[in-house]
Structure formats: structure tokens, C-alpha cells
Amino acid sequence: MFFKYFKNKQGDPDGYRDRWLFFNRNRASIDYQMTKTTHLPQFGFTEAISYNHEKLKGFAPVLVGQILSWGVFPKAGIQYAHISKSMTVFTWLVCETLEKPELDYFLLFRYTPKLTEKVNLFTQVESVNTFPTISTDNYSFTQRFRLGLSIKSYQFGTGADFNQTGNNTFAKSYNVGGFIRHEF
């Protein structure tokens, strides 16, 4: 996962960045409990682009495209981004543009303070929530936690994902393991 502002034509002098922000996330997961019909592998590709005018103070319109194990989903909405050297807050509320739209609320909080000259702590919390607009469809709630170290453009450590899906009753699952990230 990464999100970066495009550099302006002048090569980003004095920290100036372009108003366009690109978000990219690619995920794949496999569960050790997998059978022929349950706990199947999953994948997801999320691409988003937003126009961030400085007068909007971090808020921006956003277009999102998702390709998931179960389909393709175009979305549109609003996002907020605050990105500093050691802290990031990134969130959006988007709505599917298809026949049975769902609302997605995404929140990412990352804190990476320096531990030494070359090593930073890496902490990240994500909340991915889907709210149906049709009362019989399922809700989906995912929380992801990461704790580790950041050295140059690599992050690694332990992680946990918690999922709940359903309507009146919810199926719950969790995955605990390790993670490796590379920032491009």
C-alpha cells in the first residue's frame, strides 16, 4: 500500500507537491484453515485518485476503483489526508456507483517516530467498513493492526486482522502473523 502526491513540473522544490494524490493498495491472503469451500484465498486491488486543493485543508473529492475476489467496484466520494514526517491520517467515505451501492468508510492512522538515526517504530491501525444501502445485504467490518520497525523504505513486524461480516448475526474471523512492506 502506498499513497503519494504526484510531483509538480518544477521537480518538487521547497516541498511543493502537485494537487493530485494517488492511492494504491494490493492485498492477498491465504488461511491455514482453507478447505475446498471455506477460508478460500482472497485478493484485492484498490486504486484511487483525488484532487487536493490547499484551500480544502486536507479534504478532497476522490474516485476509487476496486478489483476484489468477488468483482469490480467503481466508487466516488470524499477523503481527508494529513501526511507528515512521522504521522499519517488518511480516511475516505465513498459510495459504489453500481446498481446496489454500498458505502465504504476507510481510516488509516500511522505513527512512525524515530528510535535511532536509521530505525523508526512502525505502528499502523486501519478500519475498513462497508455499510449496505439495502437492508438485507451484509455489513462488513475489518480492523488491521501493525506493529514493527521501519528501516529505510522497508517495514516489518507483527500484524493482526479482525473481520466481521453479516446482518443480524455476524461471522467473525481473525488472522495473526507477520508483515513486510516496501515503500516505492
Side-chain angles (χ1 to χ4, degrees), residues 1-27 29 43-68 71-98 100-114 120-134 137-148 150 153 155 157 159-165 179 181-184:
M1 174 179 68
F2 71 88
F3 42 97
K4 300 247 184 215
Y5 287 95
F6 292 110
K7 290 184 179 178
N8 67 12
K9 292 179 183 176
Q10 292 82 25
D12 209 27
D14 301 322
Y16 179 80
R17 59 185 183 241
D18 196 73
R19 293 177 176 169
W20 294 96
L21 177 65
F22 179 67
F23 176 93
N24 170 281
R25 179 181 197 133
N26 302 306
R27 293 186 82 248
S29 65
F43 68 86
F45 305 103
T46 301
E47 314 303 325
I49 191 158
S50 60
Y51 181 75
N52 298 263
H53 195 282
E54 58 272 4
K55 290 187 178 184
L56 295 175
K57 300 187 185 289
F59 290 95
V62 63
L63 295 174
V64 179
Q66 286 187 311
I67 302 171
L68 306 174
V72 176
F73 306 95
K75 302 175 181 187
I78 189 164
Q79 79 175 28
Y80 174 78
H82 171 80
I83 303 169
S84 68
K85 195 165 195 151
S86 64
M87 186 179 74
T88 299
V89 177
F90 184 81
T91 186
W92 69 37
L93 178 64
V94 294
C95 184
E96 228 176 89
T97 59
L98 300 176
K100 294 170 34 172
E102 295 180 334
L103 295 171
D104 284 354
Y105 177 71
F106 174 74
L107 170 67
L108 176 130
F109 175 77
R110 185 182 297 153
Y111 183 57
T112 57
K114 278 190 174 287
N120 289 32
L121 178 67
F122 182 85
T123 59
Q124 182 171 291
V125 176
E126 288 180 67
S127 181
V128 183
N129 305 290
T130 301
F131 302 94
T133 57
I134 297 172
D137 286 355
N138 286 336
Y139 293 84
S140 176
F141 305 109
T142 300
Q143 295 79 41
R144 297 183 185 116
F145 301 92
R146 304 290 183 262
L147 178 61
S150 179
S153 60
Q155 297 85 36
D161 295 358
F162 301 93
N163 302 292
Q164 300 173 348
T165 305
F179 73 90
R181 286 183 80 241
H182 175 70
E183 285 188 22
F184 295 94

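These values consider heavy atoms only, across backbone and side chains, with no hydrogens, waters or symmetry-generated copies. Keep in mind that this is a model prediction, so the values were computed, not measured.
- With sequence neighbours left out, F22 forms a side chain to side chain contact (heavy atoms under 4.5 Å, CB included) with F2, F6, N24, E47.
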- prompt: When you look at N129 and S127, which way does the side-chain hydrogen bond (donor to acceptor under 3.5 Å, both in side chains) test go after all the steps?
  reply: CA-CA 6 Å; N129 305 290; S127 181; 2.9 Å; yes

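- Shown here for S50 and Q79, the closest heavy-atom pair between the two residues is OG-NE2, 2.8 Å.
- Within a 6.0 Å sphere centred on CZ of F73, other residues, nucleotides and ligands contribute more than 12 heavy atoms.
- Relative orientation of the Y80 and F59 rings is tilted, given thresholds of 30° and 60° on the angle between their planes.
- The shortest heavy-atom contact between T112 and N120 is O-ND2, 3.0 Å.
- For the salt bridge (Lys or Arg N to Asp or Glu O under 4.0 Å) test, no residue two or more places apart in sequence or in another chain qualifies with R110.
- Ring geometry for F122 against F179 counts as tilted: the plane angle lies between 30° and 60°, on a 0 to 90° scale.
- Taking the six-membered ring for Trp and thresholds of 30 and 60 degrees, Y111 and F109 have nearly parallel ring planes, at less than 30 degrees apart.
- Few gaps surround CZ on F45; more than 12 heavy atoms of other groups in view lie less than 6.0 Å from it.
- Ring-plane geometry between F23 and W92 is classed as perpendicular, the angle between the planes exceeding 60 degrees on a 0 to 90 degree scale with a lower cut at 30.
- Every residue two or more places apart in sequence or in another chain that forms a ring pair (Phe, Tyr, Trp, His ring centres under 6.0 Å) with H182 is listed here: Y154, F184.
- By the 4.0 Å N-to-carboxylate-O rule, E102 lies too far from K100 to be salt-bridged with it.
- With hydrogens and angles disregarded, a donor-acceptor distance shorter than 3.5 Å links the side chain of T97 to the backbone of P74.
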